[in-house]
There are 2 protein chains.
Amino acid sequence: MSQRTRIDLPTILKAATEIVDSQGLESLGLATLAQKLGIRSPSLYNHIDGLPGLRIELAIHGCDLLNSVISRAAIGKSGDNAVYALAEEYLAFARSHPGLYEAVQRVSDPQEGQWQQTARRLVETVVQVFQHYGLDDYTSIHAVRSFRSMVHGFISLERNEGFKMPISVDDSYRFLIDTFLLGLHSKMQAAQCAGELE
Amino acid sequence: MSQRTRIDLPTILKAATEIVDSQGLESLGLATLAQKLGIRSPSLYNHIDGLPGLRIELAIHGCDLLNSVISRAAIGKSGDNAVYALAEEYLAFARSHPGLYEAVQRVSDPQEGQWQQTARRLVETVVQVFQHYGLDDYTSIHAVRSFRSMVHGFISLERNEGFKMPISVDDSYRFLIDTFLLGLHSKMQAAQCAGELE
DNA sequence: ACAATTTAACTAATGATATTAGTTTTGTCA
DNA sequence: TGACAAAACTAATATCATTAGTTAAATTGT
C-alpha cells in the first residue's frame, strides 16, 4: 500500500499560494487544493477551518511576508529614501505574489484576532518610516493613510485593468510618490514659516 | 392561476445592485437573485449569460452610473476645484454603492468590448479635468494615473479594513488630494522656471 | 380577430462544490 | 507493546450554476 501523504499547515499554505498566485484568489477551492496535495478534500479540515479559515490563514501568511519584505527594505534608510524603498518593495511584492496580495486585501472577517495583530504590524512599519519627518500626530496619520492609499490604489489599478496608455507604468508610480512627497515638504515648510511668525 | 412574473434586464440589475450593495459582491448568486425576483434561476439565462454575464453587466451599469455622477460634479468647475469635486463624488459613490463599486473594480474578463468602452469613458472624464492644467502629454497621463490610484486606493482601504485610528477619515482624504495637488503645482512651477532660463 | 411565431417562463436533471459524520489508518509516547 | 491522538479516509448531504427540453404567454402578420 502506498503511504498516506501527510500534510501540515505550512505545506497547505505553500500549495495555496501557488494556486492563487498563478490562477487568482477566486480559483482557490478545497477540491483543487486537496488534489494538488494528493489528499481528499475533507482531510483539509484537520488543519484549517474550511475555506473561510484557509482564506484568512493565507491572508495572515501573506501579510507577514509582505511586512518582512518591506521592513527589510527600509533598514538603514530614512526620509524620502525610505519612503521610496517601501513603495518599491510593496509594488514588487504585489507583482510577484498577486494572489497573495489579493488575499491580504480581502479578508472576510476583519475582526479575527490574529489577523488584526498581523495587519497592525504592517501599518506600524509604515508609521515608523514616516516618523522621521517629525510630523505632528494628526499629520502623521494623514500621511500614512495617504501613502498606503496611493500604493495600494496603484497596485490595484495596475492589476485589475492595467494602464492602457503606452507610457511607462513605473514612471507613473515614481511620479505619484514623488509628487506627494513634494507636496508634503511644501506643507511642512509652510507650517515651519507659520511657526516662526509667533 | 397567478401570472408568471416577467422580467427584463434593468429589473435584474436593480435587484442585483440591491444585493451587492447590502451584502457584498460575493453574495450575488443566481439562486438568491432569482428568489428575490420571484422567478426560477434558469429563467435568468434568458436575459443574462450566466453568473459571469451578470457580473459584467453589473460592472458596466455601475461604471456608467459612476461616470455620470462624477461628470455632473465637474461641470462648471476647473483646476483644483474640479479635481476636488471629482474626488468627493467618487468617494461618495463608492460609499453609497459599495457592492456596485466593487463590481466595477473586479471584472473577470476585461477584454469584453462593451466593458472596455464604458471603462474608457470613465477615464476620459478624469483626463478632461486634468487637461485644464496644461500639462504635457506624459505628465498628464502620470497625473491621471496618480489621481485614480489615490482615489481608488483610499476607497478600497476604507472599505476593506477601515482606518482604525480615531482621526477624521474625511480629513485624511482631503489631505491626500491636497498634498498631491500641492506637489503638482510645485512641479509645474519648477518646470516653468526651467523654461524661462532658455 | 385569429393564427403563427417568438419570447421567456417553467420542470427536471447533472456535475461540481463545501461541508459533516463516522471510520480506519498511522504515528507517538508511556 | 499497547493505548491514545492525530490525521487520513469513505460516504452522504445540501447548495449551487448550468443545460436540455417543455409549456405558457405575448407579439406579430394577415
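- For A/Glu112, there are no side chain to side chain donor-acceptor pair (under 3.5 Å) partners at least two apart in sequence or on another chain.
- A heavy atom lying under 4.0 Å from DNA chain D marks the following residues of residues 21-38 of chain B, by number: B/Gly29, B/Leu30, B/Ala31.
- Residues passing the side-chain contact (heavy atoms from CB on, under 4.5 Å) test with A/Val104 are A/Cys63, A/Trp115, sequence neighbours excluded.
- Applying the side chain to side chain donor-acceptor pair (under 3.5 Å) criterion to B/Asp137, with sequence neighbours excluded, gives no partner residue.
- Applying the salt bridge (Lys or Arg N to Asp or Glu O under 4.0 Å) test to residues at least two apart or on different chains, none of the pairs has a partner in residues 76-89 of chain A.
- At the phosphate of C/dT20, neither OP1 nor OP2 sits under 4.0 Å from any side-chain N or O atom of A/Tyr45.
- A salt bridge (Lys or Arg N to Asp or Glu O under 4.0 Å) check over residues 17-39 of chain B, counting only residues at least two apart or in different chains, returns the pairs A/Arg106-B/Glu26, B/Lys14-B/Glu18, B/Glu18-B/Lys36, B/Glu26-B/Arg106.
- Residues passing the side chain to side chain donor-acceptor pair (under 3.5 Å) test with A/Asp109: none are found, sequence neighbours excluded.
- Screening residues 179-190 of chain B for salt bridge (Lys or Arg N to Asp or Glu O under 4.0 Å), with sequence neighbours left out, gives A/Asp178-B/Lys187.
- Residues passing the side-chain contact (heavy atoms from CB on, under 4.5 Å) test with A/Ile167, sequence neighbours excluded: A/Met165, B/Tyr138, B/Ile141, B/His142, B/Arg145.
- Taking the six-membered ring where the residue is Trp, the centroids of A/Phe180 and A/Phe175 are separated by 6.0 Å or more.
- Of the residues in residues 9-16 of chain A, none has a non-hydrogen atom less than 4.0 angstrom from any atom of DNA chain D.
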Could you list all N or O pairs between the protein and nucleotides 11-15 of chain C that sit under 3.5 Å apart?
from: C/dT11; atom 1: OP2; to: B/Arg40; atom 2: NE; distance (Å): 3.4

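- Between C/dT7 and B/Asn46, no contact under 4.0 Å exists linking OP1 or OP2 to a side-chain N or O.
- When the side-chain nitrogen and oxygen atoms of B/His47 are compared with OP1 and OP2 of C/dT7, none of them lie within a distance under 4.0 Å.
- With sequence neighbours excluded, the residues that form a side chain to side chain donor-acceptor pair (under 3.5 Å) with A/Asp136 are A/Thr139.
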